[in-house]
Enquirer: 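Here it is, the structure in full.
Whatever order the structure lists ligands and atoms in, that order sets their numbers, starting from 1. Quantities reported herein were computed from a predicted structural model and do not represent experimental measurements.
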Amino acid sequence: MNKKYHLIVFGCQMNISDAERVATIIEEMGYKKTSKLEEADLIVVTMCSIRQSAVDRVHWLDDKFKKSERKPITILTGCILEKDKKVFAEGFDYVIDIKNITHLPKILKTKITHKTSDRLFWEQDNITNYLDIKPKHSSKFSASVPIMTGCNNFCAYCVVPYTREREVSRRANKIIKEIKGLVKNGYKEIWLLGQNVNSYKDKEKNINFAELLKIINKIPGDFWVRYTSSHPKDFKQDVIEAMAEGNHITPYLNLPIQSGDDKVLRSMKRWYTAKQYKKIIADLRKKIPNIAISTDIIIGFPGESKKQFNNTVKLFKEVKYDMAYINKYSPRVGTSAFKLKDNVTWPEKKQREKILTDALRETAFENNKKLIGKIVKVLIDSQKDGIYFGKTDTYKSIKISTFAKASVDKQNLIGKFVNAKITKANNWNLEGKTI
Ligand code: SAH
Ligand code: SF4
Ligand code: F3S
């Protein structure tokens, strides 16, 4: 009988993409995927360490495995902090650096001992090698393509430079080849991934991020390209020009500001001001008038006063975001902010989160209302009871329940582009009908 594996993925798109490569390796060993944890012979967890709550989820799983009667093989990989490696190696059978995942078949042959150091696999390896594994994409129409990994920025609050090491870019020809293959196989949405895509550099061919986007723009086919994450300090005019070419690059950008207060930005080690950030937004809107913009925010960074927080609220009202990912500050051991006192209380963080969400709701709704009557391109991603759901080119969620008479076969709409007329705007999504 075939052995079965179960994959548990935490964290960002980068981890989801890594897990698709882990799946390939495991399936090559003859395991079949199962969605049921209870019947798995092999369990792989790709962890995230960005906030303590993410690490706690792995502790909870670790506990569950220890108490369980059944003893499947358990593997931990993903973004793991140095101090947590040994801790988790007590519970998990193997704790493996993601870049060593190519060695999994060999590692699984090593006998599990009681010594935690024998369960840790941290060999020096080229960090981009594992990115060459052909991923087992979880979707048939949307795929992620990592273009770089790691980060050199050391923002004061962030663990990523510690879990993913320094920045390394993949060769442009490998990226282009992967994208062409996906397009050939009918993929409609391609996400270019990296912790800081703006500092992408193919050193041998001297290709920067904007140039990469321009090359991708010339690939024939009907598909969208989105990318994440960007750092405002590295976001340059040439990227705006590449986006303005239109073609495959969609009019959507996530540009994390983290705080609207210059002093807080300095203590976060972000190295730009609110004014510089707003200039990028103005330039983007001048060249790409229909662009939708989202951001990431950290609420209650150590020392953030009410007044400083209000500068973030003010900035939200000025920038008029379409979406924002609002995170409450979580102290991380080893980061430079860890020695600062986490002095904004939890209830205060919650209160600030609510105020900012209210400000966001207003601008998101205002922006959405302006789209009523407009015709937009939509990629349908799911369906329930005859109602279809999807994303617009501007990455807004849309619900479609009315279809033009001569409309395409409804059964086949998932993974396809349709043109829809916006009929209604809500705070967080749109409604429309196909035309
Ligand atoms: N590379 C991306 C961010 C990756 S982490 C960038 O530079 O923006 C994703 C988001 O998690 C960050 O944008 C930040 O808002 C949030 N985050 C990171 N560390 C955090 C921490 N210690 N506490 C709370 N949120 C955090
Ligand atoms: Fe973290 Fe800053 Fe790097 Fe983003 S740029 S991954 S927030 S250190
Ligand atoms: Fe988490 Fe690693 Fe992404 S720490 S947010 S999974 S880069």
Enquirer: I'd like to know whether Asp18 forms a salt bridge (Lys or Arg N to Asp or Glu O under 4.0 Å) with Arg21, so could you lay out the CA-CA distance, the side-chain angles of the two residues, the decisive distance to 0.1 Å, and finally the verdict.
Expert: CA-CA 5 Å; Asp18 283 358; Arg21 287 173 163 77; 5.6 Å; no
Enquirer: May I ask you to decide whether Arg171 forms a salt bridge with Glu204, counting only side-chain N to carboxylate O separations under 4.0 Å?
Expert: yes
Enquirer: With a 4.0 Å cut-off on heavy atoms, is Arg270 touching ligand 2?
Expert: yes
Enquirer: Protein residues near ligand 1, heavy-atom distance below 4.0 Å?
Expert: Ile50, Arg51, Tyr157, Gln195, Ser229, Pro256, Gln258, Arg270, Asp296, Ile297, Ile298, Asn327, Lys328, Tyr329, Ser330, Arg332
Enquirer: Do Tyr321 and Phe316 make the cut of ring centroids closer than 6.0 angstrom?
Expert: yes
Enquirer: Contact between ligand 3 and Arg164 is defined here as a heavy atom of the residue under 4.0 Å from a ligand atom; is it met?
Expert: yes
Enquirer: Look at Asp97 together with Lys99 and state whether they make a salt bridge at an N to O cut-off of under 4.0 Å.
Expert: yes
Enquirer: Between Ile422 and Leu371, what is the shortest heavy-atom contact and its length?
Expert: CB-O, 3.3 Å
Enquirer: Please say whether the positively charged group of Lys369, taken as NZ for Lys or CZ for Arg, lies over the ring of Phe365, i.e. under 6.0 angstrom from the six-membered ring centre and within 45 degrees of the axis.
Expert: yes
Enquirer: Return the residue, atom name and 0.1 Å-rounded distance of the protein heavy atom closest to atom 1 (Fe) of ligand 3.
Expert: Cys48 SG, 2.4 Å
Enquirer: Quick one: look up the protein heavy atom nearest atom 7 (S) of ligand 2 and list residue, atom name and how far away it is.
Expert: Tyr157 OH, 3.4 Å
Enquirer: Suppose I only count heavy atoms of Asn15 and a 4.0 Å limit; which atoms of ligand 3 are within that range?
Expert: 6 (S)
Enquirer: Considering only non-hydrogen protein atoms, determine which one is nearest to atom 3 (Fe) of ligand 3 and report residue, atom name and distance to 0.1 Å.
Expert: Cys12 SG, 2.3 Å
Enquirer: Find out whether Arg285 and Ile293 are in side-chain contact, i.e. whether some heavy atom of one side chain is under 4.5 Å from a heavy atom of the other.
Expert: yes
Enquirer: Checking ring pair (Phe, Tyr, Trp, His ring centres under 6.0 Å) for the pair Phe65/Phe92: CA distance, chi angles, key distance, verdict?
Expert: CA-CA 8 Å; Phe65 296 155; Phe92 283 83; 5.7 Å; yes
Enquirer: Please check if the distance between the ring centroids of Phe209 and Tyr227 is under 6.0 Å.
Expert: yes
Enquirer: Less than 4.0 Å between a side-chain N and a carboxylate O, is that true for Lys391 and Glu189?
Expert: no
Enquirer: Check atom 3 (Fe) of ligand 2 and write out every protein N, O or S atom at under 2.8 Å, as residue and atom.
Expert: Cys151 SG
Enquirer: Please state which protein non-hydrogen atom is closest to atom 2 (Fe) of ligand 3 and give its distance, to 0.1 Å?
Expert: Cys79 SG, 2.3 Å
Enquirer: Using a 4.0 Å cut-off to any heavy atom of Gln195, which atoms of ligand 3 qualify?
Expert: 7 (S)
Enquirer: Between Glu90 and Lys86, is the closest basic N to carboxylate O distance under 4.0 Å?
Expert: no
Enquirer: So, Lys233 and Asn153: side-chain donor and acceptor under 3.5 Å apart, yes or no?
Expert: yes
Enquirer: Just by distance, no angles: are the side chains of Asn426 and Asn368 close enough, under 3.5 Å, to form a donor-acceptor pair?
Expert: no
